[in-house]
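Heads up, the thing below is written out as structure tokens.
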Amino acid sequence: MAAGGTNQSKSRAPPTMTAPESISLAINQIDEKKQKLKQAFDDLQPHCSLLSPSFNLSWSDIDSRFSSLQSSLSDRFRLLQSDITEPPPLLWPELRTFCDNMDGKGLGKFMVDNSNKRLSIEPELAQAIRSSSSPAALVLDAIQGSYRCSPPSSARALDARRTFVLLLEALIEIKPSLTNELRERARTLASDWRLNICNKSSEALGFLHLVVVFELGSVFKMEEILDYVFLISKCRQATTLSKKLGLDKTVVAGIVQKLLHTGGLLAAITFIYEFEMTDRFRPVNVLKTSLYNSREAAKRVCAEGGNSLKAQNEATDKELSALRLVIRVIKERNLEIEFFEEDLEESVQELENLRAQRRQAAKPASPAIPPKRPRVATGNNLTTRTHNQQPPLLPDPRHGLQVNPFGFVNSTVPGVNVPYGNQLAPYGSVPAPAIVARPVYYQQQTGYGLRPQYQPPYYPQ
């Protein structure tokens, strides 16, 4: 009995084991139990004549069945273990403490004080706020407790606005229940907030989040709301907030038009795709029009700057910026089939080369070194004679250079790139740059990867 009791105690799992540990122990004991079953099967063999004729199982059949079950159980247990993940330890247990205690003021101050760590705080924020008895009231307490703590233009005030956006974004995820009292508190806060926006996107972003969370869209004029949406149009939350504000495609089309007229190409493309308006604003036509407009703007910069070297460089920088932005959109939106991306890349390279040539040409020329006369032998002594030549005041005609009416040197050699083709430019006093295979001038009417037959399209009015 003692031995039997010992064996029984060995096979029983300790009471302190977890469920996965108990399952693992049971699976590991299958082989031992199978051996005992094999011994019992062998003991039964001398009595096979007493069994029913239908009993014709062999040990190999039984062993195969057990092995199959063992393999299946082991696989399922491994799958179960992979699905069981221990909750990660909280990096910011203070969040849970503030929320459990409904200490909104303490939560707001804590987050503003740790604003530089908000990327680490954000993943735990929504879950912590959800644990409070009233998430909406907690966040309002946090915002109102920190809203006036710093001057509006200070760095801490900016940190506070970013913190408020995180808190309100967490509420959007939670979808809290709202009462009339909470909406009235939020309306009072929003009315105060809007007075401080003053074309500051950070203020407009927080204000619109407050309007969305507490359903205050009907409290303010639509024109004012749209102005704030345009102000935050370059923020990542712009399209999401627009949808939650209930803006329809007709209203969004006006925002897109305004963005295209003011150079907000990337934001406009984002709105076009997020609101599925590619039939109304064909992306390829929008991009081509943007390139056309950037070229016209560059030509105006040159004209207004008297075709000076500074104006040419500024115009080139504007064109390069527009080209790179269009190339980025083409890649992000998979428009390679509809647009000549390779030609755009080539235009970028040409403009970069042109800018480098101007920069090289603007460097001051190194002073001429007078040549030395060869040594002349006189008897057994060698004497050195030097001849100090003054550099000519006028260029040698053989070099293909001429003096323009301003007294500056210009090139007469075909193919040498004088900035923007202006032979009499008063800023053309720099040495002529190297010959370029395909000079790019702003006077060109085609370019940017657009075929010569291209007529600049325009987005719909």
Side-chain angles (χ1 to χ4, degrees), residues 87-176 182 185-214 216 228-242 244-245 267:
L90 293 176
L91 298 177
W92 302 97
E94 302 93 329
L95 291 177
R96 191 63 178 262
T97 302
F98 288 127
C99 296
D100 288 345
N101 296 333
M102 282 295 294
D103 183 4
K105 187 174 181 179
L107 174 64
K109 184 179 184 304
F110 171 79
M111 291 198 61
V112 174
D113 290 342
N114 293 278
S115 178
N116 60 331
K117 302 171 184 175
R118 59 184 177 274
L119 293 179
S120 173
I121 293 175
E122 184 179 6
E124 299 180 16
L125 186 59
Q127 189 62 34
I129 294 176
R130 188 181 278 111
S131 68
S132 67
S133 58
S134 178
L138 176 73
V139 169
L140 280 177
D141 290 342
I143 294 176
Q144 289 177 321
S146 303
Y147 188 74
R148 294 293 187 188
C149 290
S150 303
S153 59
S154 66
R156 184 173 176 82
L158 181 59
D159 289 339
R161 299 308 183 266
R162 291 169 177 165
T163 293
F164 299 160
V165 169
L166 286 183
L167 290 167
L168 292 166
E169 283 182 332
L171 279 189
I172 291 177
E173 178 183 339
I174 295 171
K175 299 178 181 178
L182 289 172
R185 284 182 59 190
R187 186 195 66 78
T188 302
L189 176 60
S191 298
D192 188 25
W193 200 321
R194 63 193 280 267
L195 300 178
N196 297 316
I197 293 179
C198 301
N199 286 328
K200 290 180 283 190
S201 60
S202 60
E203 295 284 359
L205 188 62
F207 172 82
L208 289 177
H209 274 86
L210 189 65
V211 169
V212 166
V213 171
F214 291 93
L216 303 175
Y228 298 148
V229 170
F230 180 78
L231 190 57
I232 67 158
S233 58
K234 295 181 180 180
C235 300
R236 62 175 177 81
Q237 306 98 325
T239 54
T240 300
L241 290 174
S242 298
K244 291 187 178 297
L245 287 166

For a 4.5 angstrom cut-off between non-hydrogen side-chain atoms, does [X] reach [Y]?
X    : Y    : answer
L91  : S120 : yes
C198 : E203 : no
L241 : L205 : yes
L189 : F214 : no
I143 : L168 : yes
R161 : V165 : no
I172 : T240 : no

Taking all heavy atoms of [X] and all of [Y], pick out the closest pair and write down the distance.
X    : Y    : value
L210 : A186 : CD2-O, 3.8 Å
L167 : A142 : CD1-CB, 3.9 Å
L182 : A136 : CD1-CB, 3.9 Å
A128 : C99  : O-CB, 3.1 Å
L166 : L125 : O-CD2, 3.7 Å

Got a second to check how far [X]'s [atom1] is from [Y]'s [atom2], nearest 0.5 Å?
X    : Y    : atom1 : atom2 : result
K244 : H209 : NZ    : NE2   : 9.5 Å
S134 : I129 : OG    : CD1   : 11.5 Å
R162 : S115 : CZ    : OG    : 6.5 Å
T163 : I121 : OG1   : CD1   : 7.5 Å
Y147 : W193 : OH    : CH2   : 6.0 Å

Could you list the residues that satisfy side-chain contact (heavy atoms from CB on, under 4.5 Å) with [X], not counting sequence neighbours?
X    : result
T188 : E184
A126 : A170, E173
S191 : R187, F220

Sequence-distant partners of K109, salt bridge (Lys or Arg N to Asp or Glu O under 4.0 Å), two or more places apart: D113
Residue pairs fulfilling salt bridge (Lys or Arg N to Asp or Glu O under 4.0 Å) with at least one residue in residues 88-106, sequence neighbours excluded: R96-D100
Sequence neighbours excluded - salt bridge (Lys or Arg N to Asp or Glu O under 4.0 Å) pairs with any residue from residues 118-142: D141-R185
Salt bridge present between D159 and R156 (N-O < 4.0 angstrom): no
Aromatic plane relationship, F110 with F98 - under 30° parallel, 30 to 60° tilted, over 60° perpendicular: tilted
With Y228 via ring pair (Phe, Tyr, Trp, His ring centres under 6.0 Å) - residues at least two apart: F207
